[in-house]
Structures are given as structure tokens and as C-alpha cells.
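Just so we're clear, the structure is a prediction, and the values are computed from it rather than from any experiment. Letters go in sequence order (proteins before strands), and every chain restarts at 1.
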Protein chains: 2
Amino acid sequence: MLTIGQLAAAAGVTVRTVRHYHHVGLLPEPERDASGYRRYGAQAAVDLIRIRTLADAGVPLARIDALLHAQPAQFAAAITDIDAELRRKIDQLAEYRRRIAELAGGERLVLPPEVVAILDRMRGLGVSERRVRLERDSWILMQALDPQVVPQRIRDKNAGLDDPETVRLYLACDQSFDWDPNDPRLDRLIDDLDAWETKHERDGDRAGYLKLVSARISEASPAWQRIVDALVHRAGQRAEQRRAAGRES
Amino acid sequence: MLTIGQLAAAAGVTVRTVRHYHHVGLLPEPERDASGYRRYGAQAAVDLIRIRTLADAGVPLARIDALLHAQPAQFAAAITDIDAELRRKIDQLAEYRRRIAELAGGERLVLPPEVVAILDRMRGLGVSERRVRLERDSWILMQALDPQVVPQRIRDKNAGLDDPETVRLYLACDQSFDWDPNDPRLDRLIDDLDAWETKHERDGDRAGYLKLVSARISEASPAWQRIVDALVHRAGQRAEQRRAAGRES
DNA sequence: CTCCAACCCTGACGCAAGGTCAAGGTCAAC
DNA sequence: GTTGACCTTGACCTTGCGTCAGGGTTGGAG
């Protein structure tokens, strides 16, 4: 009869694997010869090959055990199951292939295509890569913290990029990155931005994640920090005025 | 910034997974807030999603680590590699699907098609399933112990099935399974079989695995055991006679 | 102000499916 | 009689997390 090594070779597995199957009770322990070696018959080879066929297909060993002792009808049903699972896996892998191919290309993977389009559009308008990256990060944070506002923001953003004044301010901000915080040009820029914000002010705009985005922007440049501080200050003043007006009426 | 739970949700993984990546150094540990919570920025989300994209494609975490810090050229090469690997896996799974589909159908999986054809032919000639199964086992043992003789044996076996006398003996043996070991019909059968063996005797026929096969056959039926014993005995006698003739010459 | 659920923290063990030593006993051949 | 290729048991290692234990934090409701 066969030794363990011959059996293993016949089924294309390692000796260790056969012993493992004995250990978990998947393959019955055979008789031993005088020296304690395991001795296998042809049935063991058949069983082992059946086990491997299922195991190679990804069936957990625990389930194989049950399968081998199942009625033909149940066995056939299980096989159908396993086959469906295999097809699902194949589709999965094909999808991963697609994503892997995109992996060289940065953010396309992590953001919805509409947002990617916006970022590309900004690049096309001459916005610096640095600024685009901040924008990208803000979208990622938005998506993580408050996903349901994303579609509305996409519309707003595209509308903004249709408006020449908005685009002008984007580019101006962009250039101000390296300016000294005391540069007089900043004063005019802050005035313009404040006017823009007043014009476009809407409820809900001061959502939590915006603070985080502002914080990141401020970190990046002293000039931008001044801009953010000034705008927050003026927005506070306007809110104050509205409250006063509300009390008067 | 993001908490670990938000980061995990953003990338579609569990919190445990993120911590695991910290543990193995795949994702850098971020700053902690006052209460010791980890706080993540958008870059972490990007990194994590890239990691998952590779991990989902089956790249081991250890390799991902190296990949993320690789030069674009090497990265691209590795991606090509991984893609090829994925395609290979897809083909593998398709092959497993094929084999799984055959699994309901018994021996087709473990034996070469020529042998399966022989077994089918035996069934067609009216040989019992029990006998066919013994035959199948003997082929499996042959294949495991002495594979290079299989092609020759296939030719021999097919020649045997072309010969009416051989087929008659097959069927006669088959019917004798349940006979009493003292049944007088056995004597005639043994004579016929011995004549057949004398006629077809060839060198190498008494290979090791044949003893094993005989042992299995003997186990199955007392009548067969008598047949095997008698034939072995007569073969021994013939060999003796040949040796004596050799000394005389 | 307290309570509760839903978070977060570290640390440790568990899982499949074997791989890989270690420390020996056997077998076959030269 | 000594290699070298087998076989034996036993025990720890691996990957990629899951899950539990035993806590601390946060934020909103009552």
C-alpha cells in the first residue's frame, strides 16, 4: 500500500497537509505497519483528491467534511452553491483588476467621478496643484463626515466655476499663498472675498467639517491664515448685526 | 479631523483593521487628541484606500508597505505583476469551476480519460460495479506507485477487452464473487484462468503493486481468495519447472 | 446633573490551513 | 555500515484580521 509521501504525491499535496487532515478528522487515520508508518489504500487517494478539489475551490475544510458525507442531492445543491460562489469571486477579481489599473492615477479611486471632474476643471483654470490638493482633501473629509451634502456641494461648486468673479477670486487666493500676512494686497482681497461671501451666504454653510478644512488651509500659509481669520471675524459681525436687527423689529 | 471609526467607514474597513495596519507599520500612527483618541487627516483616508485596493487584490500587506514607498516606475512594474497574477487567479478559478462541475461524476477526476474509457467499457460489457470499482482502485494504486507503466497497461487492457475469451473470464470471475470457496465450478474457472495466464504471461507482470491489488481482491470475497491463492501457487510451480529446465540444458 | 449609548483605548487570545523546525526511528542501496 | 531519503510526534510560526475583556470619553436626552 501507499506511504504517506506517496499518497501526498498522488494527490499533489504535502505530507504535512495529509497529517493536518487526519488531525482535523477530515481523512480517517489508516492502519499502521509494524514500524508505525501509515499505510494507505486506493480509497484514501480518491478521498484525498476529492477533498483537494473542493479545498482548491475555496471550500473551508470544515464544510468539506460535511459535504463528503452528504446525500447526493444535498451534495449537488452544495456544488451549485460553490460554483456560484466561484463565479462571484471571478467577477470580484476582474473588478479588482480594473481598480488596480487605475491605482497609478491618484484620486480617481477615492472620489466620485463628478468630484474628480471638478478637480480637473480647477486644474484647467490654472489653479495650483497645491490648492487642488487641499480641495481634494476637503472633499474626502466631507465625504467621510457628512456624505449626504456632497451632491449639493458638487452643484454649487460647478456653478462657482461657471462664474468669472468666483474663478478670479480662486486664482487670486491661490497667488496669495506666499504673500506676507501684512501685504496690503491682502486687504483688498479680503474685502472682495467678504463681498463674495455676503452675496453667496446660505444657511448650513458653516457645517462642522468646514472648520476642519479651514484649519488645514490656515496651517498651510500665514497669509491664508490671516484671510480666514478676517473672514470669520466679519461673518461674526454680520451675524451680530442681524441679531440686533431682529431684536429691534 | 476624523476619528478611527470615521476613517474606517470612509475606506470600508473595520476599526480593527486600521489598528492592525498601525501595528504592522503599514499606516503611520496619527496624532492623538487630549483624551488619547487617534485623529486622522484626509491623507490617511487616501492612504488607507490605496492600501485596501492592493490588499483586496490579494497583495500581502508586507509587500504593500514596500510598494507604497516605491518609485513610480517600480510601482508601475509591480502593478503589472499584480495584474498578471490576478488574471492567473481568474483562470485558476475557472478551472476549479470545471473540476467542481465534474465532481458529482466520480472517478473522471482522478484518472486519465483513457482509463475512464476502459472502466466505462467494462460496465458496458456487463461487469459488476463492484468489480469495476476494484479495477478502478488498482489503476489508482498503479498510478501512484508506478506511473510509467500505465500507458502500456492501458494498451494491454484494451486488447484484453477485444478478446472474447478474456471477456468471458472477466464475467465468470465476476459471478463467482458469492460462490462458496468449495464450489466445484471454481475448479474449472481456476483451470481456465491458469491457462489464460500461461498464454498471456509476460515479464514484469508480478510488479509490487499487483500484490497489493491481489490483497484487496482477496479481502473482498472468499471465493476470489481461493482463486488468487491457486493461481499464485500454480505460477510458482511453473517458475520452478522453468528453473529445472534451465539447469538441465 | 446624571444617565445612557456609542464611541474610543490597550492587551490578549483565537481562527484557518498549513509551514517549519527539532529530535529522533526506518528503509534501501552501495 | 553508513549514507540519504523516508517516516514519526510535538510544538511553535505565519497572515490578516475577529473577538473578548476591562476599562475611559463624548454627546445628547431626561
Within this structure, what is the [atom1]-to-[atom2] distance between [X] and [N], rounded to whole angstrom?
X: A/Arg19; N: D/dA11; atom1: CZ; atom2: C1'; result: 13 Å
X: A/Leu7; N: D/dC7; atom1: CG; atom2: P; result: 10 Å
X: B/Gln6; N: D/dG27; atom1: CD; atom2: C1'; result: 13 Å
X: A/His23; N: C/dG18; atom1: NE2; atom2: P; result: 13 Å
X: B/His22; N: C/dC9; atom1: NE2; atom2: P; result: 8 Å
X: B/Leu2; N: C/dC7; atom1: CG; atom2: P; result: 15 Å

Student check: side-chain heavy atoms of B/Glu29 and B/Tyr21 closer than 4.5 Å: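 No - every pair of side-chain heavy atoms lies 4.5 Å or more apart.
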
Validation row: B/Leu54, B/Ile79 side chains within 4.5 angstrom (heavy atoms): yes

Side-chain donor-acceptor contacts of residues 84-96 of chain A below 3.5 Å, not counting sequence neighbours, with atom names and distances?
from, atom 1, to, atom 2, distance (Å)
A/Glu85, OE2, A/Arg88, NH2, 3.1
A/Gln92, OE1, A/Tyr96, OH, 3.4
A/Glu95, OE1, A/Arg98, NE, 3.4
A/Glu95, OE2, A/Arg98, NH2, 3.1

As an exercise, state the distance from [atom1] of [X] to [atom2] of [Y], rounded to the nearest 0.5 Å.
X: A/Arg131; Y: A/Leu134; atom1: CZ; atom2: CG; result: 6.5 Å
X: B/Leu26; Y: B/Leu61; atom1: CG; atom2: CG; result: 6.0 Å
X: A/Leu48; Y: A/Leu2; atom1: CG; atom2: CG; result: 10.5 Å
X: A/Arg52; Y: A/Asp47; atom1: CZ; atom2: CG; result: 14.0 Å

Sugar-phosphate, base or nothing in reach of A/Arg63, heavy atoms under 4.0 Å: nothing

Are any protein N/O atoms closer than 3.5 Å to N/O atoms in nucleotides 25-27 of chain C? If there are, list each pair with its distance.
from, atom 1, to, atom 2, distance (Å)
C/dG25, N2, A/Tyr37, OH, 2.7
C/dT26, O4', A/Tyr37, OH, 2.8
C/dC27, OP1, A/Ser35, OG, 3.3

Axial bend angle, the helix from C/dC1-D/dG30 to C/dC30-D/dG1: five-pair end segments, nearest 10°: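 Answer rounded to 10°: the end axes differ by 10°.
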
Please list, pair by pair, any protein nitrogen or oxygen found under 3.5 Å from a nitrogen or oxygen in nucleotides 16-20 of chain D.
from, atom 1, to, atom 2, distance (Å)
D/dG16, OP1, B/Leu61, N, 3.4
D/dG16, OP2, B/Leu61, N, 3.4
D/dC17, OP2, B/Tyr21, OH, 3.0
D/dC17, OP2, B/Arg52, NH1, 3.1
D/dG18, OP2, B/Thr14, OG1, 2.8
D/dG18, N7, B/Arg16, NH1, 2.9
D/dG18, O6, B/Arg16, NH1, 2.6
D/dT19, O4, B/Arg16, NH1, 3.2

Among D/dC7, D/dT9, C/dT10, the one nearest B/Arg38 by side-chain distance: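 My answer, after comparing the listed nucleotides, is C/dT10.
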
Set of side-chain contact (heavy atoms from CB on, under 4.5 Å) partners for A/Thr14, sequence neighbours left out: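 A/Thr14: side-chain contact (heavy atoms from CB on, under 4.5 Å) contacts with A/Arg16, A/Thr17.
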
Can you give the donor-acceptor pairs under 3.5 Å from side chains of residues 64-75 of chain B to other protein atoms, not counting sequence neighbours?
from, atom 1, to, atom 2, distance (Å)
B/His69, ND1, B/Asp65, O, 3.1
B/Gln74, OE1, B/Gln71, N, 3.1

Distance test, side-chain N/O of B/Arg39 to OP1/OP2 of C/dC9, below 4.0 Å: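 For C/dC9, neither OP1 nor OP2 has a side-chain N or O of B/Arg39 closer than 4.0 Å.
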
Phosphate contact (D/dC7 OP1 or OP2) by A/Thr3 side-chain N/O below 4.0 Å: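 A/Thr3 to D/dC7 OP1/OP2: side-chain N or O found under 4.0 Å.
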
Under-4.0 Å salt bridge between A/Arg38 and A/Glu31: no

